[in-house]
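Step one of this worksheet: look at the structure below.
As the structure is a prediction and not an experimental result, all values here were calculated from the model. We use all heavy atoms of the structure for the numbers below, so side chains are in, but hydrogens, waters and symmetry mates are not.
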Amino acid sequence: MRERMILDASKDLFYDRGFSAVGVNDIGAAVGMSGPAIYRHFSSKAEILTTLFDEAMDRLLELAGPPLDDPRENLRALARSHAEFALADRALVSVYMREERALAEADRVRLRRRQRAFADRWVQAVARCAPNRPARELEASAHALIGMLLSAAHWPASLRGDAHHATLLVDLVDGATARLVP
């Protein structure tokens, strides 16, 4: 329970101020403990960040679920899970998008391997919808779609909280992918 509180507070602080501007004393104050007490739960601030990155990737991979038989429905389901995640947890997605450089090299390498596996899932989903496209176009398209979905975490406050936006994003993915089919 205490670890969860530390992770949630850290996520919010990293989102608001950036990883490098937050110290363990800030995290401790946010959860009602001293900064050094954080080390009873995490070995370092970097481990907290790594754990948040792992959580983001775990959620993306879990939400993706197994591929569906129908290519278009498969892509739409993948897009919906990604869109809902980006819209529901802006802070985690924002930290995930902008703080990778703060990870230790070994953690960054491990993260990139997991990101490639996730991106490959997207490439395969797009390829099933547009099988005649060259592999490089499919890969570029998959990354463009992922980027569009993640960008929802940075939308202005006036656009937040509308459940229809996940459907809008899914429709945009669907429409963009349909343009790949000759």
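- Counting heavy atoms from C-beta on, the side chains of L13 and S10 never come closer than 4.5 Å.
- Taking CG from L172 and OG1 from T177, the interatomic distance works out to 10.5 Å, rounded to the nearest 0.5 Å.
- Nearest approach of L149 to A86, heavy atoms of both residues: O-CB, 3.3 Å.
- Looking only at side-chain heavy atoms (C-beta outward), R133 and S141 stay at 4.5 Å or farther from each other.
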Please determine whether side-chain contact (heavy atoms from CB on, under 4.5 Å) holds for the pair M148 and V173, giving the CA-CA distance in whole Å, both sets of side-chain angles, and the decisive distance to 0.1 Å. CA-CA 9 Å; M148 178 186 66; V173 166; 3.4 Å; yes
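- In this structure S20 satisfies the side-chain hydrogen bond (donor to acceptor under 3.5 Å, both in side chains) test with no other residue, sequence neighbours excluded.
- The salt bridge (charged side-chain N to carboxylate O under 4.0 Å, His left out) analysis of residues 24-51, with sequence neighbours excluded, yields the pairs R17-D26.
- No salt bridge links R59 with E55; every basic N to acidic carboxylate O contact stays at or beyond 4.0 Å.
- Note on ring orientation: taking the six-membered ring where Trp is involved, the planes of W122 and H82 are perpendicular (angle over 60°, cut-offs 30° and 60°).
- Of all the heavy atoms in N74 and P66, the pair that sits closest is OD1-O, 4.5 Å.
- Nearest heavy-atom pair, D12 versus A91, reported as atom, atom and distance to 0.1 Å: OD1-CB, 4.0 Å.
- Shown here for H154 and S94, the closest heavy-atom pair between the two residues is CE1-OG, 3.2 Å.
- A salt bridge links D8 with R4: the distance from a Lys NZ or Arg NE/NH1/NH2 to an Asp or Glu carboxylate oxygen falls below 4.0 Å.
- If you chain together hydrophobic residues whose side chains sit under 4.5 Å apart, L145 and V123 fall into the same group.
- Note that CD1 of I38 is 10.0 Å distant from CD of E3, once rounded to the nearest 0.5 Å.
- Of all heavy-atom pairs spanning I146 and A119, the tightest one is CD1-CA, 4.1 Å.
- Applying the side-chain hydrogen bond (donor to acceptor under 3.5 Å, both in side chains) criterion to D107, with sequence neighbours excluded, gives T50.
- Cluster annotation: L63 and V170 are assigned to distinct hydrophobic clusters (Ile/Leu/Val/Met/Phe/Trp/Tyr, side-chain heavy-atom contacts under 4.5 Å, transitive).
- Under the 4.5 Å side-chain criterion, counting only non-hydrogen atoms from C-beta, L92 is in contact with F85.
- M57 contributes atom CE, which lies 9.0 Å from atom CG of D54 (distance to the nearest 0.5 angstrom).
- Of the options L60, V126, L61, L78, a side-chain contact (heavy atoms from CB on, under 4.5 Å) to R121 is made by L78 and by none of the others.
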side-chain contact (heavy atoms from CB on, under 4.5 Å) evaluation trace for V24 with F42: CA-CA 10 Å; V24 291; F42 294 94; over 6 Å; no
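- Side-chain contact between R76 and D171 is present, with at least one heavy-atom pair separated by less than 4.5 Å.
- The CZ atom of R114 sits 12.0 Å away from the CZ atom of F53 when rounded to the nearest 0.5 Å.
- Side-chain N or O atoms of R108 include one that pairs as donor or acceptor with a backbone N or O of R101 at under 3.5 Å.
- The CG atom of D89 sits 10.5 Å away from atom OH of Y15, with the distance rounded to the nearest 0.5 Å.
- L68 and F118 fall into different hydrophobic clusters, where Ile, Leu, Val, Met, Phe, Trp and Tyr are joined by side-chain heavy atoms under 4.5 Å apart, directly or via other members.
- Side-chain atoms of Y96 and Q115, non-hydrogen and from C-beta on, do get closer than 4.5 Å to each other.
- Rounding to the nearest 0.5 angstrom, the gap separating the CD atom in E100 from the CG atom in L49 is 10.0 Å.
- Residue L87 comes nearest to A166 through the heavy atom pair CD1-N, 3.5 Å, listed as atom of the first residue, atom of the second, then distance.
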